[in-house]
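Ligands are counted one by one from 1 in listed order, and the atoms in each one are counted from 1 as well.
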Amino acid sequence: MKSWLTLVAEKYPFKNAVAIILLLCISSLAIAMLCKRFTAHPSSRPATPDLEKPSSRIKPADRKPGEWIPSDFKRPDAAPYPNWDIHTTKPLPYRPFKYGPKYFVTMGLRSMKWDEWIELDNQYPRFHADKARRIRERGDKCCMTAPEAVDGVMELLEELRSYLPQRYPTLFKRTPTGIANLFTNETFNTTTHPLPEAPIITCARLIQDDIALMYEKPDGQYYLLAGAILLAGFWRLSDKFRMPLSQIHTSGSVPQFQSKLEKGMTNFFRRLKPSDPVLRNNYFFQVDDDLAWSHSIGPEDSRGELSWNTAQKNKAIEHHWFRSERQSLRRLPRSGAVVFTIRTYFVPVVEIAREPGVPGRLASAVRSWGEDVARYKGRERYGEVLLEYLDGRHREQVEAGVVGTEEEDKDGEKEGRGYPF
Ligand SMILES: *[C@@H]1O[C@H](CO)[C@@H](O)[C@H](O)[C@H]1NC(C)=O
Ligand SMILES: *[C@@H]1O[C@H](CO)[C@@H](O)[C@H](O)[C@H]1NC(C)=O
């Protein structure tokens with residue numbers, strides 16, 4: 001019988017494709033760390049522990065690079081999500097953008113409460129169906145596990161089997177051999193041998209998030225060795241699989257930080273403890289409505305470079321989508337693998353522009369992007385249409401007295417209002 005292990009990809013086309021998402025995730029994480037370290041940050045929310053403050057500038061764990069000593073840390077049990085219902089619980093309205101003029105490739109790295117590790121909502125049926133289709137159509141390209149990463153993936157699966165029924169008892173039930181989904185009626189054996197499918201795929205079917213696992217090697221770098229990247233929109237696991245973070249990063253361009261970036265990033269990963277999970281959010285725009293793959297930047301199977309240059313310029317505002325990600329980052333205690341979960345929230349721009357204060361703040365944020373950020377995010381392709389629209393909606397809100405002027409809103413932002421992660 002062909003084991004799922006042999007399905008592990010054989011070729012890894014290390015093409016020069018733009019590192020869009022992982023790059024942004026990781027480089028912005030590091031940039032923000034550096035920004036925070038070297039710049040006063042008057043608008044930091046007091047409630048959010050600043051994980052990059054000198055107090056946490058501890059030395060990387062005292063262990064050899066690539067070595068992991070299993071920790072006896074155990075995740076606290078999760079409390080059930082209050083009143084969670086697969087039909088009525090709406091996606092959380094993350095609007096993680098700030099007024100300019102300065103743009104600190106914002107990440108707002110913040111501590112994560114264990115209860116909130118995985119967010120599920122009434123989009124679950126759609127995400128679940130999209131993932132099932134993607135697994136059928138291109139599971140071998142979107143879901144990969146290097147042999148040395150199997151143990152970490154098994155640990156992740158075991159964590160999900162334990163966490164999900166605690167947090168979402170109306171959706172999941174722990175069974176003697178695995179976990180059952182009470183909505184789809186799927187049952188997964190996670191402890192029997194051989195496993196019926198690759199464990200990374202089972203993980204992917206359980207939650208709405210994409211998943212990436214990073215492993216430290218003896219060179220001290222973190223490598224992307226397992227993942228289920230099914231709904232990422234802008235990047236392909238097959239382009240990035242087995243790459244170290246630095247290589248994922250250098251295929252992009254954040255030149256002024258490049259030398260410092262790598263070190264800050266690696267240190268952050270190295271000192272990440274199983275007990276200290278973190279969250280961050282980011283956002284993009286997309287000029288088509290395909291959650292799984294933004295075909296505007298090129299066909300998913302394109303061998304050439306994926307690029308915003310191929311996107312049609314100035315499409316009508318109805319085709320502009322706001323795409324934001326909530327990422328969690330934690331280290332698994334037994335294997336030491338660092339698990340990245342990437343949950344996408346996908347909303348038409350015209351919809352979020354109805355929310356009080358949003359068009360003004362979003363327009364200001366988009367204008368505050370530096371050239372490099374603007375290039376990543378493709379602003380040249382949609383900026384004119386987007387900003388004209390947001391400005392118009394903002395004017396209407398000001399005239400209707402729904403929001404104050406930008407100055408007044410900025411004061412609100414300083415007081416912690418107006419920037420819901
Ligand atoms: C799951 O099973 C229940 C009970 O047998 C049934 O009512 C429901 O329609 C099933 N759901 C699906 C998605 O098949
Ligand atoms: C799961 O494992 C149990 C016990 O080994 C077995 O009876 C059952 O058929 C398995 N179910 C699936 C869906 O593989």
Output, in order, the C-alpha distance, side-chain angles, deciding distance and verdict of side-chain hydrogen bond (donor to acceptor under 3.5 Å, both in side chains) for T192 and T177.
-> CA-CA 7 Å; T192 53; T177 50; over 6 Å; no
Is atom NZ of K141 surrounded by more than 12 heavy atoms (other residues, nucleotides or ligands) closer than 6.0 Å?
-> yes
Residue pair R331 / S71, side-chain donor-acceptor N/O under 3.5 Å = no
Neighbouring protein residues of ligand 1 - any heavy atom closer than 4.0 Å = F183, N185
W117 six-ring face occupied by R167 cation (under 6.0 Å, within 45°) | no
From the list D209, N281, D121, side-chain hydrogen bond (donor to acceptor under 3.5 Å, both in side chains) partner of R343 resolves to D121
D301 with R138: basic N within carboxylate O range, under 4.0 Å = yes
